[in-house]
Student: 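One structure is given below, represented as structure tokens, and several questions about it will come after.
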Amino acid sequence: MPGTLSFDALKSRVADGTIDTVLVCLVDMQGRLMGKRFHANNFVETSYNETHCCNYLLATDLEMATPEGYASTSWRSGYGDYVMKPDLETIRLVPWLEGTAMVLSDVLDHHTHEPVPHSPRSILKKQIARLEALGFEAKMATELEFFLFEKSFDEIRKEGFRNLEPISGYNEDYHILQTTKEESVMRPIRNHLFDAGLPIENTKGEAEAGQEELNIRYDHALNCADHHTIAKHAIKEIAWQNGHAATFLPKWHHDRVGSSSHVHQSLWKDGNPAFFDPSDRLGQSDLMRHYMAGLIAYAPDYTYFLAPYVNSYKRFAKGTFAPTKTVWSVDNRTAGFRLCGDGTKGVRVECRIGGSDLNPYLAQAAMLAAGIKGIEDKMELTPATVGDVYEDAKAQDIPQTLRHATETLRNSAFLREAMGDDVVDHYTRAAEWEQEEFDRIVTDWEVARGFERA
Ligand code: ADP
């Protein structure tokens with residue numbers, strides 16, 4: 001891909017003056033880029049090797065609060081440092097910022113230089129390594145849905161997030177006329193990301209006013225998560241550069257459709273699609289059936305990694321295309337899992353549960369762990385569901401609230417075995433904290449409902 005740079009290529013661009021800034025980033029628990037802006041000379045001379053950050057970066061909430069209760073860091077332990085180790089395979093141009101390149105870092109313990117277990121990138125790498133030990137490679141694609149708004153982030157914040165006006169006035173699903181009107185934002189998103197080395201497939205209007213979707217070609221799971229994170233970041237920055245705002249909040253208004261992030265998954269062996277069996281009616285191999293059985297059986301355990309906030313659960317409503325049941329179906333958009341590309345080499349499973357706020361490293365890691373469990377235990381896949389899955393009383397529900405998903409995470413013996421107790425305890429604390437913060441707040445809805453009438 002154009003846009004990705006070797007370290008030597010970066011050095012020559014720094015020498016000829018075309019790059020003067022290098023963003024050194026880690027991915028935090030919320031899937032955001034955090035880090036430092038280096039003068040490019042300093043980066044290529046010394047900091048390419050390592051730099052440091054406060055270890056609270058993997059223990060904060062969205063607002064950078066420092067909740068108590070994490071074993072890894074605290075006021076008591078003095079909030080020490082982590083090592084940020086740039087992964088030089090991830091150097092790329094940032095074409096929407098002048099003279100700028102970016103590199104993603106792994107997060108290492110300051111003393112031992114071992115990967116920090118609860119760092120999202122290392123969580124995904126661990127599951128990829130387990131899968132490789134079984135002889136397989138995972139390829140994934142995450143669809144990114146989001147809303148564009150008329151006004152900028154700053155205007156919207158100053159107005160208290162009220163009277164939000166999406167960029168368009170009507171449902172723009174596949175709508176060429178309406179999306180033409182949004183090309184001043186969407187065309188630079190596609191082109192800048194392509195020039196940054198992301199294999200962009202397309203953008204399209206989605207099924208609500210102002211709703212957009214970006215599709216990136218499927219890739220090795222770690223690349224897919226890196227691409228998702230960079231794309232989400234770029235969408236916000238490019239929207240901001242154009243005087244608009246983009247939100248990945250899964251449900252920004254109760255009367256509007258929510259935003260999701262569907263995850264397409266397939267396993268490969270020696271470059272061949274291991275999910276495909278031409279002799280099967282749907283083209284599913286036994287391996288695929290075991291993987292899907294694990295994915296479905298353990299969905300309640302890992303729902304938190306697909307829906308990490310109180311708001312995430314507002315998306316799971318009947319009749320909205322957001323699934324509520326852990327069943328699979330062939331090309332049916334009401335099920336939690338959809339078989340796509342049936343009968344072809346492109347046969348794959350799409351998980352439709354995740355919201356646009358998921359952290360792709362955590363979501364993919366949890367689903368790989370479930371799939372691996374299905375393969376190891378040779379789990380049996382039940383037959384596909386047909387018809388309106390919302391009305392299927394026998395189908396297993398996913399947790400409907402953050403509170404419930406926190407408990408299924410905490411009590412998941414499978415995730416504790418696959419990811420480690422430290423990881424499960426760390427994210428269980430993050431989940432609890434979200435709920436504690438929400439429970440403390442008096443909402444506009446309660447005041448309007450009860451102020452006079454209660
Ligand atoms: P649809 O239009 O029905 O959503 P697409 O053909 O656009 O389906 O595919 C959706 C996503 O699936 C794309 O991002 C694509 O890159 C990805 N994809 C295609 N084949 C595979 C595969 N074998 N494994 C994982 N993802 C895949």
Side-chain angles (χ1 to χ4, degrees), residues 1 124 127-128 131 136-146 172-176 179 186 189-190 193-194 197-207 211-232 234-235 257 259-278 280 282-285 287-292 295 321-323 328-354 356 358 360-361 363-368 370-372 375 384:
M1 283 297 293
L124 180 54
Q127 299 309 318
I128 290 172
L131 190 66
F136 300 106
E137 179 195 5
K139 293 196 180 178
M140 306 233 183
T142 50
E143 300 173 11
L144 286 94
E145 289 180 2
F146 55 98
E172 58 187 278
D173 205 14
Y174 297 94
H175 218 278
I176 296 298
T179 52
M186 298 306 293
I189 287 175
R190 290 192 304 274
L193 284 172
F194 186 84
L198 273 64
I200 298 302
E201 290 184 335
N202 55 55
T203 59
K204 63 180 276 292
E206 261 298 325
Q211 196 178 27
E212 318 285 340
E213 178 177 286
L214 171 72
N215 287 298
I216 306 172
R217 191 181 148 77
Y218 67 100
D219 206 331
H220 180 70
L222 187 65
N223 290 341
C224 170
D226 288 349
H227 292 162
H228 179 114
T229 305
I230 293 165
K232 183 174 169 186
I235 287 165
V257 168
S259 293
S260 54
S261 181
H262 302 153
V263 184
H264 292 254
Q265 310 168 41
S266 58
L267 296 193
W268 297 67
K269 195 177 182 65
D270 307 326
N272 297 312
F275 273 1
F276 181 51
D277 177 353
D280 180 73
L282 295 171
Q284 286 171 300
S285 64
L287 181 85
M288 181 177 198
R289 274 192 281 269
H290 297 321
Y291 183 96
M292 286 179 67
L295 214 51
F321 288 116
W328 73 282
S329 189
V330 184
D331 208 11
N332 176 333
R333 287 188 161 78
T334 63
F337 299 89
R338 182 167 72 120
L339 187 78
C340 300
D342 49 299
T344 73
K345 285 186 174 164
V347 67
R348 59 191 182 275
V349 57
E350 176 196 34
C351 172
R352 300 177 56 81
I353 299 170
S356 47
L358 60 71
Y361 300 87
Q364 290 185 44
M367 287 194 277
L368 277 180
I372 291 171
I375 294 169

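Values below: every heavy atom of this structure, side chains too, minus hydrogens, waters and symmetry copies. Ligands are counted one by one from 1 in listed order, and the atoms in each one are counted from 1 as well.
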Student: How about Ser259 and Gln211: does a side-chain donor come under 3.5 Å of a side-chain acceptor?
Tutor: yes

Student: Whether Lys204 engages the ring of Tyr174 as a cation-pi pair (distance to the six-membered ring centre under 6.0 angstrom, angle to the ring normal within 45°) should be assessed.
Tutor: yes

Student: Using a 3.5 Å cut-off on N/O to N/O, what pairs does ligand 1 make with the protein? A line per pair would be great.
Tutor:
| unit_1 | atom_1 | unit_2 | atom_2 | d |
| --- | --- | --- | --- | --- |
| ligand 1 | 9 (O) | Arg348 | NH2 | 3.1 |
| ligand 1 | 12 (O) | His264 | ND1 | 3.3 |
| ligand 1 | 12 (O) | Arg348 | NE | 3.3 |
| ligand 1 | 14 (O) | Glu201 | OE1 | 3.1 |
| ligand 1 | 14 (O) | Ile216 | O | 3.3 |
| ligand 1 | 16 (O) | Glu201 | OE2 | 2.8 |
| ligand 1 | 16 (O) | Tyr218 | N | 3.0 |
| ligand 1 | 18 (N) | Arg348 | NE | 3.4 |
| ligand 1 | 20 (N) | Arg348 | NH1 | 3.3 |
| ligand 1 | 23 (N) | Ser266 | OG | 3.3 |
| ligand 1 | 24 (N) | Ser266 | OG | 2.7 |

Student: Is the positively charged end of Lys269 above the ring of Phe136, judged by distance under 6.0 angstrom from the centroid and angle within 45° of the axis?
Tutor: yes

Student: Name all residues meeting the ring pair (Phe, Tyr, Trp, His ring centres under 6.0 Å) criterion together with Phe275; count only those two or more places apart in sequence or in a different chain, and write none if there are none.
Tutor: Tyr291

Student: Sequence neighbours left out, what passes ring pair (Phe, Tyr, Trp, His ring centres under 6.0 Å) with His175? Give chain and number order.
Tutor: Tyr170

Student: Going by ring pair (Phe, Tyr, Trp, His ring centres under 6.0 Å), name the residues that satisfy it together with Tyr361, two or more places apart in sequence or in a different chain.
Tutor: none

